[in-house]
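Report on the structure given below.
These numbers were taken from a predicted model, which means no experiment stands behind them.
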Amino acid sequence: MNNVDVLEQQVFAARKKLSTQEQLMVNDYVENNSVSAVAAWLLWVFLGLFGAHRFLFKKPYAVLMLILAIIGCLTSILLIGLGFLTAVWIWWIVDAFSIQSWLKESRLQAAYKGITQVTGKSVEELSGINYSSFNGASFVNYSNQSQQPNQGQPQNNFDPNTGQPINNPSSSSMESQQSSSANISKSVNDTDGDFTDFSKPKE
């Protein structure tokens with residue numbers, strides 16, 4: 001799971017906790033602070049060979065792409081210059097397949113900052129999702145969920161030798177206690193005074 005996927009899950013989980021008015025404010029913040037798709041594609045088409053689209057998204061190696069393009073243009077008369085221009089042209093085509101993911105990342109980053117400014121709370125606090133990486137893999141820890149096993153649910157025990165289910169001792173003991181209390185209640189019914197059977201829940 002890469003950083004964009006992590007950011008997307010955090011933002012989506014946090015936005016579910018926002019009111020309608022807060023979501024509208026976050027949408028306005030995203031529109032005003034994220035990279036425009038029209039501007040990104042225009043820069044890629046007309047000035048992409050000089051790395052203009054990389055400067056717009058603040059991506060690494062933008063300066064390197066610009067230097068290679070300038071060297072290629074200045075030495076285009078020589079064969080070396082054509083080699084530089086060919087390398088930059090291939091790089092320019094490859095970047096076209098990354099622009100959509102860069103636009104998505106830009107909007108998620110703007111939403112991340114917008115949620116914090118609108119609510120005054122961090123995205124991690126609102127989403128309840130904390131991420132930690134270990135050896136390049138991402139693990140999710142839902143802090144608002146308890147890790148204790150479910151209580152009050154029957155558990156099946158099996159004999160390791162025969163594979164047959166074993167009766168729950170607690171249930172059998174409860175049954176014996178209920179039968180004994182029933183016998184006691186029958187014997188006390190003939191006595192004077194009131195008798196309350198505490199073995200049964202009150203209605």
Side-chain angles (χ1 to χ4, degrees), residues 1-18 22-143:
M1 182 181 293
N2 55 32
N3 295 332
V4 177
D5 294 333
V6 171
L7 185 61
E8 183 177 11
Q9 291 189 16
Q10 286 181 324
V11 169
F12 281 3
R15 291 194 64 167
K16 292 180 180 180
K17 304 294 182 63
L18 303 182
E22 290 175 337
Q23 290 191 19
L24 292 176
M25 294 174 64
V26 171
N27 290 341
D28 292 337
Y29 185 90
V30 171
E31 294 298 329
N32 295 328
N33 294 274
S34 61
V35 176
S36 172
V38 176
W41 285 110
L42 287 177
L43 287 177
W44 178 83
V45 171
F46 295 104
L47 298 173
L49 291 176
F50 298 95
H53 57 290
R54 283 187 166 267
F55 283 103
L56 179 64
F57 288 103
K58 299 179 181 180
K59 290 298 178 180
Y61 307 114
V63 177
L64 176 61
M65 191 174 187
L66 175 61
I67 293 174
L68 291 178
I70 294 175
I71 294 175
C73 292
L74 294 177
T75 60
S76 59
I77 301 176
L78 304 176
L79 296 178
I80 299 177
L82 295 177
F84 281 113
L85 290 177
T86 302
V88 172
W89 182 81
I90 295 174
W91 194 354
W92 174 64
I93 295 297
V94 172
D95 279 353
F97 297 96
S98 302
I99 289 180
Q100 283 301 121
S101 63
W102 294 347
L103 289 171
K104 178 181 178 181
E105 183 180 2
S106 176
R107 295 183 67 85
L108 289 173
Q109 289 176 350
Y112 186 97
K113 296 178 182 178
I115 291 173
T116 302
Q117 290 194 4
V118 170
T119 63
K121 298 180 181 179
S122 65
V123 174
E124 289 80 3
E125 182 181 356
L126 289 172
S127 63
I129 304 175
N130 295 324
Y131 287 87
S132 60
S133 59
F134 179 75
N135 290 335
S138 297
F139 298 89
V140 184
N141 178 21
Y142 293 88
S143 58

- Task: Sort and list the pairs that fulfil ring pair (Phe, Tyr, Trp, His ring centres under 6.0 Å) and have at least one residue in residues 62-84, not counting sequence neighbours.
- Result: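 Listed by first then second residue: nothing to list.
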
- Message: By the ring pair (Phe, Tyr, Trp, His ring centres under 6.0 Å) test, which pairs, at least two apart or in different chains, include something from residues 100-126?
- Response: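 Output for this query lists Phe57-Trp102.
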
Considering all heavy atoms, the nearest [X]-[Y] contact:
X      : Y      : value
Ala14  : Ile115 : CB-CD1, 4.2 Å
Gln10  : Ser127 : O-CB, 3.6 Å
Ala62  : Gly51  : CB-O, 4.3 Å
Leu126 : Lys17  : O-NZ, 3.0 Å
Val45  : Trp92  : O-CZ2, 4.1 Å
Ala111 : Val11  : CB-CG1, 3.8 Å

- Query: Judged by atom type as modelled, is there a donor-acceptor pair below 3.5 Å linking the side chain of Ser76 to the main-chain atoms of Cys73?
  - Reply: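 It does hold such a pair.
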
- Is Thr75 reaching over with its side chain to a backbone N or O of Leu78, donor-acceptor style, under 3.5 angstrom?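 No.
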
Starting at [atom1] of [X], measure out to [atom2] of [Y] and round the result to the nearest 0.5 Å.
X      : Y      : atom1 : atom2 : result
Arg15  : Thr119 : CZ    : OG1   : 12.0 Å
His53  : Ser98  : NE2   : OG    : 8.5 Å
Leu18  : Lys121 : CG    : NZ    : 10.0 Å
Asn33  : Asp28  : CG    : CG    : 10.5 Å
Ile99  : Leu56  : CD1   : CG    : 9.0 Å
Thr116 : Glu124 : OG1   : CD    : 7.5 Å

- Message: For Trp44 and Trp41, take the angle between the two ring planes, folded into 0 to 90°, and tell me which bin it lands in: parallel under 30, tilted 30 to 60, perpendicular over 60.
- Response: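 If you compare the ring of Trp44 with that of Trp41, the planes turn out perpendicular.
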
How about [X]: does its [atom1] atom have over 12 heavy atoms from other parts shown lying under 6.0 Å from it?
X     : atom1 : answer
Ile80 : CD1   : no
Ile93 : CD1   : yes
Lys59 : NZ    : yes

- Task: Check whether any side-chain heavy atom of Leu74 lies under 4.5 Å from a side-chain heavy atom of Ile70, and answer yes or no.
- Result: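 Leu74 reaches Ile70 side chain to side chain.
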
- Item | With sequence neighbours excluded, residues passing salt bridge (charged side-chain N to carboxylate O under 4.0 Å, His left out) with Lys104 |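 Lys104 satisfies salt bridge (charged side-chain N to carboxylate O under 4.0 Å, His left out) with Glu8 once adjacent residues are dropped.
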
- Query: side chain to side chain contact (heavy atoms under 4.5 Å, CB included) between Phe55 and Val63: does it pass, once the steps are laid out?
  - Reply: CA-CA 8 Å; Phe55 283 103; Val63 177; 4.0 Å; yes

